[in-house]
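Reviewing the structure listed below.
Below, read A as the first sequence line, B as the second, and so on, with proteins coming before strands; counting in each chain starts at 1.
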Protein chains: 2
Amino acid sequence: MSERVTIKSIARDLGISHMTVSRALSGHPSVLKETREAVQNRARELGYVKHAAANVMRGQTTRIVGLLLPNIVNEFYARFANTMALACEAQSLQLIIHLTGDEAGAERQALARLNEVQAQGVVMVPVPGSDGAMTLKPRPMSVVQLIRQSGADAAPTILVDDDQALQGAVAHLAEKGHRAIAYIGADSRLSSGQSRLASFRAGLERAGVAERPELLFTGTPTAEIGAQRMRQVLGDGAATALVCGGVEISNGALSAMMAAGVSPTGPFDLVGYGDPSFYAWIGGGLTTIGVPVERLAHKAVELMVAASPPPRIHRFEAALIVRPGSPPG
Amino acid sequence: MSERVTIKSIARDLGISHMTVSRALSGHPSVLKETREAVQNRARELGYVKHAAANVMRGQTTRIVGLLLPNIVNEFYARFANTMALACEAQSLQLIIHLTGDEAGAERQALARLNEVQAQGVVMVPVPGSDGAMTLKPRPMSVVQLIRQSGADAAPTILVDDDQALQGAVAHLAEKGHRAIAYIGADSRLSSGQSRLASFRAGLERAGVAERPELLFTGTPTAEIGAQRMRQVLGDGAATALVCGGVEISNGALSAMMAAGVSPTGPFDLVGYGDPSFYAWIGGGLTTIGVPVERLAHKAVELMVAASPPPRIHRFEAALIVRPGSPPG
DNA sequence: GTGAAAGCGCTAACAA
DNA sequence: TTGTTAGCGCTTTCAC
């Protein structure tokens, strides 16, 4: 265990002032070329690494940003994180990922920790029912909200505009002859829960399909809820098709169908939400609502690094992806 | 934009010494209860957040750890990251994720950045052909290598013991009558590339199936290579089954099959590597080599936070997961 | 071209 | 119980 290598230790080693070392290492012009080279060589030999904390203390901004997600297993979030990580890498930002599990306490703590390390900004999927970043009294961090809009918060927000896609999903199912179409989505604590349900109903009306209140399910947007409601729907057999209103719910519903041995593209038609790669491979291709994840991620980074982004809402349009499904047989 | 709230500003505000504030906030016993409460209240009102960098400067260790992955879209890595993030959260560690894209430059830079922020440790999937953490001359970080063993590095390493599973995969295919079994895996730059190929060949020999050198493919362990080789295999039609030797290759090979409209569970049998949830749903269930991701992740965190873990190799056994596939018909 | 001093926020050690 | 001092690693400012 050798001592930590600092500019002072290098200076001592070379018998010069630590300031000369500092200047030499940061490429300051007024340093004798030979001095500079001597310093740089010695630094390399000794394995000097700049102490980021020291710079932070001097008021310099960190190159750290945060990302708060419910989880990172769902391919939607995984792809978002992947794109964002690459975008950060490109800007030499370091990305700290906190998983909230959609739990308010975890969210609060994650924000606190990011504040402590003086993170430059944070992109977050707000936990349902939380006040979001409002809990950050002194907000040195710039906050970008993703997917969901939380409370009265005045942070820029990136939303998915899925109204047309959801209505299209209903129209698509109606065209295929379905008249008993179920829906599983987030409940009204989430702005997206409200709007998606509204879009679904609008779709029913536009398609001339009667609304069946007993086939409308809302709850917390988790895979478990998705699976549970789907089992219910399959169990009582009243519905012949189903539309999902969220990426977690979609995966949950799908897994419940597969577990029950029911094809999601068979006579019972499922329309998923989000477009993980494997949806294309399930039973001849699952029809789903595609979300432009990569574009969301780039916009998120762009907003986060912006000096002081106005608290605007940025919408990205989702699109219905119709797939053939099982060949009729 | 108000001034930054520090213990000194609170002290000024209350007309006391900043040390008293420090003690009050950190729960030091010898502070008058009323003083402490006054300080804590004021701190809360003002929105004080501790400055992590200041503590780091004083030699305190950061609560930051790093994770280096090729990507985070592959469900294997995503699940690893998810589990590790939760484990870190539980130990109030912050997790910085760097994606290397299996590129040496990115790896080097990521390690450098983690060093700069004084990360406590790092879990990394070494880039093929790199010297791994050897480039870290002064290693204040504890390093844990994952999945692959890199160079002559003396860091603890977590490996998957897939010998039996791979041999089992070949035996399984042989039992189904296959005599022309192809293999796609990583090349010999990777220790795992070598050992998996060896296991595959041992499996052939044990099953009494002749080895066909022209059906053995190795390359960089990416989805692209997997897809490309798979197209080749399907194109020339010499093989009737294929075993994958890596999670990326497996996904790539699968996507190429699906794109070609060939069922991976049909007459041509694919054995995958890794067990993302959807493998169970593809064509009646894809037979694959299951890896205990969650256990790997927990071990990784355990080793990383350990004082000075011996550079041991920790092996976790993979298991062949046989699935029915399409019903014969 | 080089050096000395000061200060970022915090706490250990000593002083009162 | 409370206060003062010093120093962690670094760069900006001013002197030489």
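Between the CD atom of B:Glu37 and the P atom of D:dT1 there is a distance of 14 Å, given to the nearest Å. Rounded to an integer number of Å, the gap from A:Ile10 CD1 to C:dG3 P is 14 Å. Atom CZ in A:Arg12 sits roughly 16 Å away from atom C1' in C:dA4 (whole-Å rounding). Here C:dG3 presents its C1' atom at 13 Å from NZ of A:Lys8, a figure rounded to the nearest Å. Separating the CE atom of A:Met57 from the C1' atom of C:dA6 is a distance of 12 Å, rounded to the nearest angstrom. The interatomic distance linking A:Leu14 (CG) with C:dG1 (C1') rounds to 16 Å, in whole Å. In this structure, A:Ile7 atom CD1 and C:dA5 atom C1' are separated by 14 Å, rounded to whole Å. Computed from coordinates, the B:Met19 CE to C:dG9 C1' distance equals 12 Å when rounded to whole Å.
Nearest-nucleotide assignment on DNA chain D puts the 5′-proximal partner with B:Arg36, out of B:Arg36 and B:Arg58.
Atom CG of residue A:Asn71 and atom CG of residue A:Leu69 lie 7.5 Å apart, to the nearest 0.5 angstrom. To the nearest 0.5 Å, atoms CD1 (A:Ile97) and CG (B:Asn82) are separated by 10.0 Å. Atom NE2 of residue A:His51 and atom CG of residue B:Asn115 lie 11.0 Å apart, to the nearest 0.5 angstrom.
In this structure a side-chain-to-backbone donor-acceptor pair under 3.5 Å is missing from A:Thr83 to A:Glu294.
Here A:Ser17 does not reach the OP1 or OP2 of C:dT2: none of its side-chain N or O atoms lies under 4.0 Å away.
Remark: B:Gln109 CD is loosely packed, at most 12 non-hydrogen atoms of other residues, nucleotides or ligands lying under 6.0 Å away.
Residues A:Val49 and A:Val5 are not in side-chain contact: their nearest non-hydrogen atoms beyond the backbone lie 4.5 Å or more apart.
Of the candidates D:dT11, D:dG3, C:dT11, D:dG3 carries the atom nearest the B:Ile16 side chain, counting heavy atoms from C-beta on. Proximity note for B:His18 (side chain, C-beta onward) versus D:dA6, C:dG3, D:dG9: the nearest is D:dA6. The side chain of B:His51 lies closest to C:dG9 when the candidates are D:dC10, C:dG9, C:dG3.
If you check the side chains of B:Ser30 and B:His28, you find a donor sitting under 3.5 Å from an acceptor.
The stretch residues 22-35 of chain B touches DNA chain D through B:Arg23, B:Ser30, B:Val31, B:Leu32, B:Thr35, each having a heavy atom within less than 4.0 Å of the strand.
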